[in-house]
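Since the structure comes first, as structure tokens, the remarks are kept for the end.
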Amino acid sequence: MWGWGCAKRGVKRSEASRPIINSSVDCMPWKLLAAPLLRKNKPILPLGKDDGDDDDDDRPLADFHKTNAQSTLKELDILLQQDKGDRTLKDELSPMLSADDSGLEDDLDLSHITFDEVDDHISAFQEDEFVRQALENGMDLREYARQIDKERQSIQRDLENDYAEHVQSFIDLHNEIQSCDETLERMEELLSVFQSDLGNISGEIKSLQERSSRMSVKLKNRKAVETKLAKALHGMVIPPDSIKKITESQVDEVWLQYLLGINQQMRFVKANQNKPIKALRNVGPELEKLRLKAASTIRDFFIERINALLVPNTNVQIMQQSVFLKYKELHQFVIDRHHDAAAEIQQTYINALRWYFHNHFERYSKGLVKLQTVTADKTDLIGSEEHGRKGGLFGASKTALKDKTNVFSLGDRIDVLRMQDQGVILVHVAEDKDQKYQFEQLFRSFNLTLIDNASSEYLFIYEFFSTRDPKKSADTAKYVFQQIFESTEKVGLHFTKSYIENSYDAVGILLCIRINTQMALELQRRRVPALEGYTNSTNMALWPRFQHVMTLHIESLKRMAASKSVISAVKDIHPHFVTRRYAEFAASLLALNEGYDDAILINSVQKMRNELEGLLARMSNEFMEPPRRIAFLINNYDMIASVFQEAHNRALESELEHVRQLLSLHTGAFVDEQLKPYFGAMVTCVKQMEGSSRAQVDAAELQRISHHFAQTWRQSLASINASVIQYFSNFKNGTTVLHAVLGQLIVYYTKFLDIVEQHGIGGVQPVGVQTVMVEIKKFRSTF
């Protein structure tokens, strides 16, 4: 039957062979089973008029569709409507399924059914697992179809009831959707209009952008042209006010500003002179006239101000700052635009300032010379005899000696180096107070004034006469400075040489050397190299004279040592006056050498020391008694050591150590000489036993020495004390020597007792060392 149905409707074999359970709505077996349901229970929604439909039964629903919910049912019909093929099949099968289920077999006409393909369909159905199991179990497919139809009808009724309950909602929803559609249609129209307007606006904006771009390009080009044109006009067009101001007015700040504007125009014309600009040829002659007029005005202005510097009591530094540097651009203009006028201004300035500084420093040097104390002469050499320093028949030199300071002692003269903020000497003030100064003070005042003025002048020259080339500016400043200060430097050198040529004050000359060194360092700190030649020339004048004076001092010691009259005149063992001179002189020179370590100076001091030692040795030989001879040397070397110690200067340490060694050597010799008259035998015995271990010991001699010491040691100590007091007037030095004598006595006596004890000399009861020491302590406070 199924095979017939499929063949009758023209269903393909492959479609007819599909399983019943899993088939779609196109499967023929399902449609055959569903035919009774379609017949007895008509669908709630019309399927349209097809051939074979029951028109009478479907008309009420169609009327309902037309009158009440036509639009809504159209939408629902799309969801529930089956395909056209299914509707055709239903129409064709509806007559067949109209009978009751019980009479289905009776209504079917099986006479025309062919069973050729039944076996093939059965075989195809058996491929489905569910059909195969149903056939195996003997399930009645008709019963199963009826069950399925009942379930379908139940679901159909539920759907119909549910639809009937919500049909009003569907209608309302449909109405709302329809209203929304109308609203959306209006919105669509508005948006279409808006879109059209936007299109028009977009076109207008694009057009505006294109016009704006073209205008921007034009504006940019016009600005570029305007900038170049304005620059060209500013560089070529001379304002009438500028012409009138430059040609008719006097120099002032406003005149300067107009000139600077004209100068810029001149630079522009010069930079563009090769360009084919007709206006440049027209403005050129006018600018040339202004250049000549401005140069003439500037020349007259500066020459007038330079001549004003020569007026008495004029403060040059204030004029330089308030006038010349204020209008520096005017001078720079003539340097660039009129070389002849610039050269004339420069030469006029050189001539004026040369006279100004030369005149002032010459008068200042002459005034300083009047304030100078008495200069040291040949009689102030270290080896000069004191009687040679006395006056002649009428004592003419007494006044000079009263005013002359000690040329060998440094004293407070070193303050001229230590006082950094010391001012210069004012001649009129010093004359009113009747003050006198050492030459080094005058030298410092003159040169300090010179470097202060020179430093200020050099910095002004470098700034005022400078050009745009730094090297050329430095050369110009150096040239102008040398032209101005050449004569002034000669005044300074003459001031120094006029003193040192007749001076024998080595300390003063060395102070001037140190001051000159400080001045040179100050110029380096100020970065003023222009006076370097002056300081070098001053140094070259001072050092040779200092060496010459040192040589004269050394030669004077040699002459004194070679003079028999001088040597024979030594009768006193007290320090010689030459010794004090040497001590003070050497201490002064070495103190001024601290931090400099000049080998020339140290060599000169050592030569002078050697000559002094030879002189003292010759003088000491004039004393026949050895104790006096040695005491003379001790007193002189003690004097030197005392002066060196009072200086408190590290530069004297090496010389002080040398003097102490000599003093220790002569003190030891003096000790032996003092002990010899009283304890000579004991001293000789001890030295013999220390000198040779094989020396024979004379017991009788040891006994005699011991007995003699025990009898005379107290008297001998008193005699030694009195002798030392006689030889040394310096209490400190005398105490030192006495302590050395008594201490050495204890040493000799202790050694002597050791010798006696070692050789077992009998019959001797020596004095105890402690007893002797107790007695010696009584003489420690003699001085």
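The aromatic ring centres of Y748 and F679 sit 6.0 Å or more apart. Between F670 and Y727, the distance from one ring center to the other falls under 6.0 angstrom.
Annotation: the span from M682 atom CE to C685 atom SG amounts to 9.5 Å, rounded to 0.5 Å. Summarising the geometry, atom CZ belonging to F443 is positioned 5.5 Å from atom OG1 belonging to T538; distances are rounded to the nearest 0.5 Å. One finds the CE atom of M689 at 13.5 Å from the OG1 atom of T684 (value rounded to the nearest 0.5 Å). Summarising the geometry, atom SG belonging to C512 is positioned 9.0 Å from atom CG belonging to L442; distances are rounded to the nearest 0.5 Å.
A distance-only check finds a donor-acceptor pair linking the side chain of N636 to the backbone of F632 [under 3.5 Å]. A donor-acceptor pair is defined here as one N or O able to donate and one able to accept, closer than 3.5 Å; no such pair exists between the side chain of S563 and the backbone of R559. Within the 3.5 Å criterion, the main-chain N or O of K378 finds a donor-acceptor partner in the side chain of S384. Checked by atom type and distance alone, the side chain of S456 never pairs as donor or acceptor with a backbone atom of D452 at under 3.5 Å. Looking at N536, its side chain never comes within 3.5 Å of a backbone N or O of G533 through a donor-acceptor pair. A side-chain donor-acceptor contact under 3.5 Å links S455 to the backbone of I451. Checked by atom type and distance alone, the side chain of Y534 never pairs as donor or acceptor with a backbone atom of T488 at under 3.5 Å. Looking only at distances, no side-chain donor or acceptor of T667 sits under 3.5 Å from a matching main-chain atom of V737. Formation of a donor-acceptor pair under 3.5 Å by the N649 side chain with backbone atoms of A651 is found in this model. S642 contributes a side-chain N or O that, together with a main-chain N or O of D638, makes up a donor-acceptor pair within less than 3.5 Å.
No more than 12 heavy atoms of other residues, nucleotides or ligands sit less than 6.0 Å from atom NZ of K497. Other residues, nucleotides and ligands contribute only 12 or fewer heavy atoms inside 6.0 Å of the CZ atom of R650. Heavy atoms of other residues, nucleotides or ligands lying less than 6.0 angstrom from CZ of R580 number 12 at most. Counting heavy atoms of neighbouring residues, nucleotides and ligands inside a 6.0 Å radius, atom NE2 of H708 does not exceed 12 of them.
Below 30°, between 30° and 60°, or above 60°: for F546 and W543 the angle between ring planes is above 60°, a perpendicular geometry. Relative orientation of the H553 and F585 rings is tilted, given thresholds of 30° and 60° on the angle between their planes.
Across F439, F361, Y364, a single residue satisfies ring pair (Phe, Tyr, Trp, His ring centres under 6.0 Å) together with F495, and that is F439.
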